[in-house]
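Because the structure is predicted, anything quoted here is derived from the model rather than measured. Both counts, for ligands and for their atoms, begin at 1 and track the order of listing.
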Amino acid sequence: MIGTDIDKAAWYLREGQVVAIPTETVYGLAGNALSQEAVSTIFSVKQRPSFDPLIIHVGRVSDIPFYAQGIPEVLRQLAESFMPGPLTLLLNKRLIIPDLVTAGSPRVAVRVPQHPVALSLLQQLDFPVAAPSANPFGYISPTTAQHVDQQLGDLIPYILDGGPCHIGVESTIVGMEAGYPTIFRKGGLSLEDIEARIGPVRVREHSTSNPAAPGMLKSHYAPGAPVVLGKPETIIAQNPHKRIGVIRFQQETPGLPEKYQLILSRSGNYREAARRLFAGMRALDAQRLDLIVAELLPEEDLGRAINDRLRRAAAS
Ligand code: TXA
Ligand code: MG
């Protein structure tokens, strides 16, 4: 059931049940992070392997020290500048956080979403909320309550509707590695914004070989049709009898029906592109295409996170 009743969502969460909640990045599948049972339900509803840990969400930056300790100075600076917002920090966890949440890791991922509905909900709870994106494992993340309803509606008692997500890609995950601040997942906070605040950071590229590495499972965000990266005109010419969809930053692809084209931002605005990406991929997916061709964006600003998602969609 979809609704806008924050108290109702809070009630389900206090009961140990799992509900979908809006954030500015994507919708989350939320449960009490301190309840083994609620966390187990999240894993089973999402069909997520238990080695892939969950982000905990809190309503105030000042709540973070209840769940994490020894916060490094550079990460504290990031928290100060970008929380609430599309930033997740990897911090040393306190014992109160169940190992199930962190998949046995001594570190916990923490985020303060910048969405009025999410904040109002989180601020009335006396526990943190574990929430992965509210999609079946491996599929495109949801950016509307309707997306969640289509896939998980029958499995959860409530979907809290906070409208379409403003950022549209998941949070950027930052932690320390070998003494350096390191981006473990590119996301809605750009590398440029982070470096402007704390100086150079490292970027960990994804790997399939080490699923213990954060957020790094390679094949992900995959629509039903196979996705390839490349120049649309070339691939269309090579496959004359296939029904082909195209994902592009700004440009139209002549001769292709409009409904087969996802043009992310005609004006070349990265924020608009990120906001439209996942909903656009779902709309293409509904066209029953044989193939989707995605052309990568310039590797800058939120283009990095968008390219990361396109590469992972193509990796399956
Ligand atoms: O924007 C977001 O971050 C959204 C919204 C709902 O907050 N959440 C989200 O969660 O994208 P999820 O579960 O789909 O992706 C979280 C990623 C996972 O790939 C996981 O591997 C990584 O964060 N992660 C979580 N806890 C971790 C930990 N303790 N150590 C390393 N990686 C962790
Ligand atoms: Mg996810």
Side-chain angles (χ1 to χ4, degrees), residues 18-31 33 39 42-43 45-59 67-68 82-94 97-115 117-119 121-122 128-143 147-148 151-152 159-160 162 165-177 182-189 204 206-208 210-222 274 278 305 308-309 312-313:
V18 163
V19 297
I21 62 165
T23 82
E24 79 280 26
T25 57
V26 300
Y27 274 72
L29 187 62
V39 175
I42 294 174
F43 279 103
V45 167
K46 195 176 154 86
Q47 293 181 288
R48 179 175 179 124
S50 59
F51 60 74
D52 196 6
L54 306 178
I55 296 174
I56 67 163
H57 299 67
V58 295
Y67 309 111
F82 302 116
M83 286 180 161
L87 168 69
T88 293
L89 293 177
L90 282 177
L91 303 169
N92 293 324
K93 85 174 192 77
R94 287 192 188 273
I97 300 295
D99 286 333
L100 190 57
V101 169
T102 66
S105 165
R107 294 199 288 184
V108 61
V110 188
R111 161 162 145 70
V112 186
Q114 188 174 43
H115 187 295
V117 173
L119 283 176
L121 172 68
L122 292 168
V129 158
S133 51
N135 51 282
F137 185 71
Y139 193 67
I140 305 162
S141 299
T143 54
H147 293 163
V148 181
Q151 292 180 305
L152 303 180
I159 299 168
L160 182 58
C165 302
H166 284 302
I167 303 278
V169 293
E170 295 85 348
S171 59
T172 302
I173 303 180
V174 184
M176 302 300 289
E177 192 172 56
T182 303
I183 293 180
F184 288 92
R185 178 178 70 185
K186 296 168 196 169
L189 178 63
R204 175 84 159 267
H206 54 64
S207 84
T208 42
N210 182 11
M216 299 291 101
L217 292 170
K218 201 174 172 202
S219 163
H220 232 313
Y221 311 101
F278 289 152
D308 172 84
R309 305 307 186 264
R312 292 204 227 183

A.B. asks: Do ligand 1 and S133 have nitrogen or oxygen atoms that lie under 3.5 Å from each other?
C.D. replies: yes
A.B. asks: Give the contacting part of L54 toward ligand 1: side chain, backbone, both or neither, where contact means a heavy-atom distance below 4.0 Å.
C.D. replies: backbone
A.B. asks: Within ligand 1, which atoms have a heavy atom of I173 less than 4.0 Å away?
C.D. replies: 17 (C), 22 (C), 23 (O)
A.B. asks: Counting only heavy atoms not in Q47, do more than 12 sit closer than 6.0 Å to its CD atom?
C.D. replies: no
A.B. asks: Any nitrogen or oxygen of Y27 lying under 3.5 Å from a nitrogen or oxygen in ligand 1? Just yes or no.
C.D. replies: no
A.B. asks: Apply the side chain to side chain contact (heavy atoms under 4.5 Å, CB included) test between V148 and each candidate in P22, S141, P142; give the one that qualifies.
C.D. replies: P142
A.B. asks: Just distances here: any N/O of D52 and N/O of ligand 1 closer than 3.5 Å?
C.D. replies: yes
A.B. asks: Could you list which atoms of ligand 1 come closer than 4.0 Å to a heavy atom of P132?
C.D. replies: 10 (O), 12 (P), 13 (O)
A.B. asks: Which heavy atom of F184 sits nearest a heavy atom of M176, and at what distance?
C.D. replies: CZ-O, 4.2 Å
A.B. asks: Under 4.0 Å between a side-chain nitrogen and a carboxylate oxygen: does that hold for E177 and R204?
C.D. replies: yes
A.B. asks: For K93, which part has a heavy atom under 4.0 Å from ligand 1: side chain, backbone, both, or neither?
C.D. replies: neither
A.B. asks: When you look for heavy atoms under 4.0 Å from ligand 1, do you find them on the side chain of S171, its backbone, both, or neither?
C.D. replies: both
A.B. asks: Would you kindly specify which portion of R48 sits under 4.0 Å from ligand 1, judged on non-hydrogen atoms: side chain, backbone, both or neither?
C.D. replies: side chain
A.B. asks: In a check of side-chain hydrogen bond (donor to acceptor under 3.5 Å, both in side chains) between T23 and each of R111, H166, Q114, H57, which one passes?
C.D. replies: R111
A.B. asks: Check whether any side-chain N or O of Y27 sits under 3.5 Å from a backbone N or O of G162 as a donor-acceptor pair, and report yes or no.
C.D. replies: yes
A.B. asks: Which option, R111, E24, R185, owns the non-hydrogen atom nearest atom 15 (O) of ligand 1?
C.D. replies: R185
A.B. asks: Which atoms from ligand 1 have a heavy atom of E170 less than 4.0 Å away?
C.D. replies: 1 (O), 2 (C), 11 (O)
A.B. asks: Suppose I only count heavy atoms of R107 and a 4.0 Å limit; which atoms of ligand 1 are within that range?
C.D. replies: 28 (C), 29 (N)
A.B. asks: What are the atoms of ligand 1, with element, lying closer than 4.0 Å to any heavy atom of A109?
C.D. replies: 25 (C), 26 (N), 27 (C), 29 (N)
A.B. asks: Between T172 and G188, which heavy-atom pair has the shortest distance, and what is it?
C.D. replies: OG1-N, 3.4 Å
A.B. asks: Could you go through the side chain to side chain donor-acceptor pair (under 3.5 Å) check for K46 and S133 one step at a time?
C.D. replies: CA-CA 9 Å; K46 195 176 154 86; S133 51; 3.3 Å; yes
A.B. asks: Distance check below 2.8 Å: does S133 bring an N, O or S atom to the Mg ion (ligand 2)?
C.D. replies: yes
A.B. asks: Return the CD1 to CG distance between I159 and L152, rounded to the nearest 0.5 Å.
C.D. replies: 7.5 Å
A.B. asks: So is T102 polar-close to ligand 1, meaning N/O to N/O under 3.5 Å?
C.D. replies: no
A.B. asks: Could you measure the distance from the CD1 atom of I56 to the CG atom of L122? Nearest 0.5 Å is fine.
C.D. replies: 10.5 Å
